[in-house]
Amino acid sequence: MATLVLLALVGGRVATADTAGQENKVTDPVPLLELRTNGNAGWFWTLSEAEESAAVSQYGMTLEPTKLGYLLRQPFTGSQAIYRLRSNARATYLLTASSAERDSLTASGAFTYEGVIGYAFTQPHSGTAELHRMNNGVEWRVVPDADVARFAQNGYTDDGPLGYVYPVYNRVGAIYFGTFDADGNRAFMDNVKSVYGRDNDWWGGVKDFAGYDAPQNTWHWPNADFSDLKPSIGYYDDEQPATLERQIEQASSAGLRYFSFYWYWNPANGGGEQLIGGLRSFLQAANRADMDFNVMTCIHPWSNGNVSLRLPADQITKAADTIVDTYLGQPNYLRANDGRPIIEVCDDRGIGSGTANSVDAAAVRRFTDALRAEAKVKYGEDVLITLNDQLGVPSTDSGFDGTQVQGRYDASRSYQQYVDTERGRIANYPGILIRGATSGFDNRPWDGVGIADPGPNATEQQLEAAFSWYDDHSIARFGTLLANLRSDIQASTRPPATDNLVLIYAWNEWHEGGHIEPNVRDGCAYLNTIRQQLALTGGTGCTIS
């Protein structure tokens, strides 16, 4: 069987040596892929999705849905290489962590050495388990420690360990709402001045409902508890890099791997970025290398006060070039397991001539094409573009590769209903998926400053029509949601590019109740729940700084 070469089509793109170089920019553990060789003659393993695609399209192999574990592509302190060898007699392969065995089998003429496929720990490490090679006299298998006994019952003998790997490795991030600064939502701050009498207060409403640093005013809900509505680091200015440094420390210590920053466009004066204070501060933070980041483009079909958030057709190329040139070349930009930088679109209705009720599909395609073209010219790379699930199943005609799941409010008003139905709901989104979890939702702090108050004598029905919140929300139920998502990942047969990524709504959507950032009432409870339920191993545990 000929040695594989990377010349196959991968998701509509030609896989080349450049693709392999792009894959090697991913420094997180990635899934070990297992394939059945043509004619069921044996088994083949790789960390490369490009090589997997070539194996399927050129050599008739079949990708199996097995979950073997996650390995690093790069050597690290305390690591050992895992080598792949190909049988010269039939279409089968074996893996070994022994250089002596590699050399002996190659010298025998029975095998051809194909190189290092990845790196494992030589000793147990937090969150790892041993990976074994087993055989039944006919074929070799790669077997997670938990499955060794089952394979032994089926006649396999343990050849020995390949090293320690992560059986589960979920890359978890959170949406970052970067408008807690003087350059943020001006219309909102004007309303805070009108309602509460405070100038330039981007925390208006949150402070007032909580009763911290302002007299408490919970409007129609005097008995509701809003005592969580203050970050543990205090009400901050996200235009200060020191703020992001503290938040990066909090998030990374709990094992979070990335922030997804909302990104807006203002078409005024030829067009430019809008509301990106937090993102700029992240890029200036001294510890920014501790986390990845990406941009989530929110091209809304409406205005933020006197500031439009649309993207006119004649500014599409400029906006796409701004995203690619400014952010994708950053060394810690978020990449899929196959190496593609991930650009998420939270709203595409404001592109071109789109409206709140319709999408200008041709203009959206021009935008996604422009992103791809600039990434190819600037870096020689492909990108992966996903669309907010709330806008429906993405159309490939619009240039989307898949879906990201964002914050969701269940129309039933029951958080338990949301938890119980979410796994079944996301099954309706085929292919590439970035799963999501809503930590909570409650937009009552917008009363009077972001949402018009229905009046002092408003009925409960009128209040529920104006505002959205979960009466039955709890951190324990949030934990159940995460456990369900973890099970969904383990049972998944989706493309592996983003299959272990999870996006949390949100790090700091304080006005709408989506916040996992440590707060004065609950401390690290949200981050601890995420760490436990999604088996995160990075960091040493949440710290409140």
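All values reported here derive from a predicted model rather than from experimental measurement. Numbers here simply count residues along the sequence, with the first being 1.
The aromatic rings of His515 and Trp510 lie parallel to each other, their planes meeting at an angle below 30°, with 60° marking the opposite boundary. The aromatic rings of Phe441 and Tyr505 sit parallel, their planes meeting at an angle under 30°, below the 60° perpendicular limit. In this pair, His511 and Phe180 present their aromatic rings parallel. The plane angle is below 30°, not in the 30 to 60° band. Note on ring orientation: taking the six-membered ring where Trp is involved, the planes of Tyr176 and Phe261 are tilted (angle from 30° to 60°).
The side chain to side chain donor-acceptor pair (under 3.5 Å) search around Thr421 returns none, not counting sequence neighbours. The side-chain contact (heavy atoms from CB on, under 4.5 Å) test applied to Glu381 returns Gln22, Lys25, Arg335, Pro341, Tyr379, not counting sequence neighbours. In this view, Gln250 and Ser232 satisfy the side chain to side chain donor-acceptor pair (under 3.5 Å) rule, not counting sequence neighbours.
Annotation: Tyr212 is not in aromatic contact with Tyr235 [ring centroid separation under 6.0 Å not met].
Note that Arg444 lies outside the cation-pi zone of Trp219, set by a 6.0 Å cut-off to the ring centre and a 45° limit from the axis.
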Query raised in the report: Arg423 and Asp488: salt bridge (Lys or Arg N to Asp or Glu O under 4.0 Å), yes or no, with the steps?
Result: CA-CA 7 Å; Arg423 188 173 176 185; Asp488 193 69; 3.0 Å; yes

**Report entry** Stepwise ring pair (Phe, Tyr, Trp, His ring centres under 6.0 Å) test for Phe293 and Tyr258
**Finding:** CA-CA 5 Å; Phe293 80 101; Tyr258 65 95; over 10 Å; no

Query raised in the report: Step by step, would you call Trp446 with Phe188 a ring pair (Phe, Tyr, Trp, His ring centres under 6.0 Å)?
Result: CA-CA 9 Å; Trp446 277 115; Phe188 160 73; 5.2 Å; yes

Query - Derivation and outcome, salt bridge (Lys or Arg N to Asp or Glu O under 4.0 Å), residues Asp401 and Arg372 - result: CA-CA 12 Å; Asp401 297 292; Arg372 289 194 165 88; 2.5 Å; yes

Requested in this report: Given ring pair (Phe, Tyr, Trp, His ring centres under 6.0 Å), test Tyr470 with Tyr415 step by step and report yes or no.
Outcome: CA-CA 6 Å; Tyr470 290 121; Tyr415 191 82; 5.2 Å; yes

Query raised in the report: Between Phe259 and Trp507, is a ring pair (Phe, Tyr, Trp, His ring centres under 6.0 Å) present by the stated rule, with each step listed?
Result: CA-CA 8 Å; Phe259 283 142; Trp507 178 258; 5.3 Å; yes

Query raised in the report: Can you list the steps and then say if Arg494 with Ile432 is a side-chain contact (heavy atoms from CB on, under 4.5 Å)?
Result: CA-CA 6 Å; Arg494 293 180 183 274; Ile432 287 176; over 6 Å; no

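Asp389 and Thr403 form no side-chain donor-acceptor contact under 3.5 Å, judged by distance and modelled atom types alone. Judged by distance alone, the side chains of Glu273 and Asn266 never bring a donor and an acceptor atom under 3.5 Å apart. A donor-acceptor contact under 3.5 angstrom links the side chains of Asn508 and Tyr236, judged on distance only. For the residue pair Gln404 / Thr386, a side-chain donor-acceptor distance below 3.5 Å is found, with atom types taken as modelled. Asn500 and Asn337 share a side-chain donor-acceptor pair at under 3.5 Å. A side-chain donor-acceptor contact under 3.5 Å links Ser492 and Asp499. Side-chain atoms of Tyr333 and Asp292 form no donor-acceptor pair, as typed in the model, at a separation below 3.5 Å. With hydrogens and angles left out, the side-chain atoms of Asp360 and Ser353 include a donor and acceptor closer than 3.5 Å. In the model, Asp471 has a side-chain atom that pairs as donor or acceptor with a side-chain atom of Trp469 under 3.5 Å. If you check the side chains of Gln406 and Gln390, you find no donor sitting under 3.5 Å from an acceptor. In this model, a donor atom of one side chain and an acceptor atom of the other lie less than 3.5 Å apart for Asp420 and Gln416. A side-chain donor from one of Trp265 and Gln315 sits under 3.5 Å from a side-chain acceptor of the other. Remark: the Arg486 side chain and the Asn170 side chain contain no N/O donor-acceptor pair separated by less than 3.5 Å.
Within the structure, every pair that satisfies the salt bridge (Lys or Arg N to Asp or Glu O under 4.0 Å) test and touches residues 210-236, not counting sequence neighbours, is listed here: Asp213-Lys230, Asp225-Arg521, Asp228-Arg521. Screening residues 535-545 for salt bridge (Lys or Arg N to Asp or Glu O under 4.0 Å) gives no qualifying pairs among residues at least two apart or on separate chains. Evaluation of the ring-ring contact (aromatic ring centres under 6.0 Å, His included) test over residues 518-545, restricted to residues two or more places apart or in two chains, returns Phe478-Tyr526.
Atom CZ of Arg246 and atom CD of Glu517 lie 10.0 Å apart (nearest 0.5 Å). The CG atom of Asp290 sits 10.5 Å away from atom CD of Glu245, with the distance rounded to the nearest 0.5 Å. Between atom CG of residue Asn287 and atom CD of residue Glu249 there is a gap of 7.0 Å, rounded to the nearest 0.5 Å.
Residues Pro301 and Arg310 are in side-chain contact: their nearest non-hydrogen atoms beyond the backbone lie under 4.5 Å apart. For the pair Ile299/Arg349, no side-chain contact is recorded, criterion being any heavy-atom separation below 4.5 Å from C-beta on.
Of all the heavy atoms in Asp28 and Arg257, the pair that sits closest is OD1-NE, 2.9 Å.
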